[in-house]
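Read the numbers this way: they start at 1 and go in the same order the structure lists the ligands and their atoms. Index from 1, following the sequence. Only this structure's heavy atoms are used, side chains among them; waters, hydrogens and symmetry mates stay out.
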Amino acid sequence: MAHSISDFLKRYNETKNLNIMITVDESWLKDHVREQSAVKGSLSDIMIVIKDNINVKGLPNTCGSAFLKNYISPYNATVIEKIKKAGGIIVGKANLDEFAMGSSTEHSAMGATKNPVNPEYVPGGSSGGSAAAVAAGLTDHALGSDTGGSIRQPAGFCGVVGLKPTYGRVSRYGLTAFASSLDQIGPITRTVKQSAELLQVIAGKDERDATSTDVPVDDYVGNLDRDTVKTIGVPFHLLNDGVHPDVRATFEHTIDILKKNGKKITDISLPHLSYSIAVYYILATAEASSNLARFDGVRYGIRHSEKVDSINDFYSINREHGFGPEVKRRIMLGTYVLSSGYYDAYYARAQKVRHLIYEDFQKALKTVDTIILPTCPTPPFKLGEHLDDPISMYLSDVFTVSTNIAGIPGLSVPIGHSEKGLPIGMQIMGNLYEEARILQLGNAIESLL
Ligand code: GLN
């Protein structure tokens, strides 16, 4: 991995064919490096790639959308302020599915990112650029956002580490909202320790995000070598035919290693998790349809039409040109499930099932310390493989969305490779605010493997 800005730029230029970054602005970077050289902190000299839906003052924040191509951010997200105070260096903005909606980066208006392990395959998404940046050696640290798996799934697909913190653990101020009750910012890094170091900096209460909480921030780094995980739950009933044999074999091999190292593996039941994809795609689209109303060519976004007969025509022309097909699909789905007549049947019911999923986790986590699952049911898929079939793309989120629904943290760590040499990840889930614990298990697995 690159150790200096010039190394980073060299590596960035060497890997341009992978389309990892949306913005690397060398003159902005020069000023920023000069400013940061005076700041001493836990991230001094550490270079960090930022997903292009997290605002960095003076840089574009495109969200992977043609609509925001010209938007330059006038402010810093809270996580960026914190990274700056800790001495970190922001090197640029990484590719993502448009407005973070997708699992492959193929929905980016700037074109898909390719998986650095094998460029015929997707890097996962939506934070595919951030995960690919780490896998390709641009930096060891990146930030992503995770609404239904967008940190963990690309980390799994690229063979790196990704952590979605507890809902409310990290401020969302300055993250362009997709589904506000599910979104969290978190680290994507080469090692578990690096994720702990980055979380240490960005976690905590923020007055500017009312949903951030003032639960004390643990010493993630200092506690990394402790061993507070004795029992691990596995919901074996979820590992059905949809799980690829290579994923199953790698996961079972990891279970064996954990057993040999004294962990107690328990079969647990999470009965409502089979509804999680349906619940997620109702709640996330409903919230997205409301959050994306601000992109209309007046408040935000490129204006495509000045001469129109009505204000409604003005909005629709701008939105027609501005949004890509997946975002339009989500807005339509979300508007539908919120419309009168369907609200009770879909949205209200999904909210109830959300609570049942939360209770499933709470019950299980009374009997075990953590829960593990493969991060994704399959190894990375080929570019284009799921593009014409949105449902098959949505199904790849089956193991990740439930933690967002329940608000609990999830960590993806690499556990091996498929027969074709593609990375496979495992997800460790813990109870609310138990990031320290899942990082400990992740760290242990990293050294065992
Ligand atoms: N793949 C999921 C989706 O398309 C998750 C996206 C995310 O976490 N931002 O909605």
Answer yes when Lys363 and Glu359 have at least one side-chain N-carboxylate O distance shorter than 4.0 Å, and no when they do not. no
Examine the side chains of Thr78 and Glu81 and answer whether a donor and an acceptor come within less than 3.5 Å of each other. no
Enumerate the side-chain hydrogen bond (donor to acceptor under 3.5 Å, both in side chains) contacts for residues 152-163, please, sequence neighbours excluded, ordered by first and then second residue. Asp146-Arg152, Arg152-Thr403, Arg152-Asn404, Arg152-Gln427
Asp97 side chain to Ser126 side chain, donor-acceptor N/O pair below 3.5 angstrom: no
Given the rule in the side chain to side chain donor-acceptor pair (under 3.5 Å) test, do Lys57 and Ser73 qualify, once you have shown the distances and angles that lead to the verdict? CA-CA 5 Å; Lys57 190 177 173 180; Ser73 182; over 6 Å; no
Could you verify whether a donor N or O on one side chain and an acceptor N or O on the other, from Asn19 and Thr113, lie under 3.5 Å apart? no
Listing by chain and number, which residues have a heavy atom under 4.0 Å from ligand 1? Ala100, Met101, Gly102, Ser103, Ser126, Asp146, Thr147, Gly148, Gly149, Ser150, Phe178, Tyr280, Tyr281, Arg330, Asp397
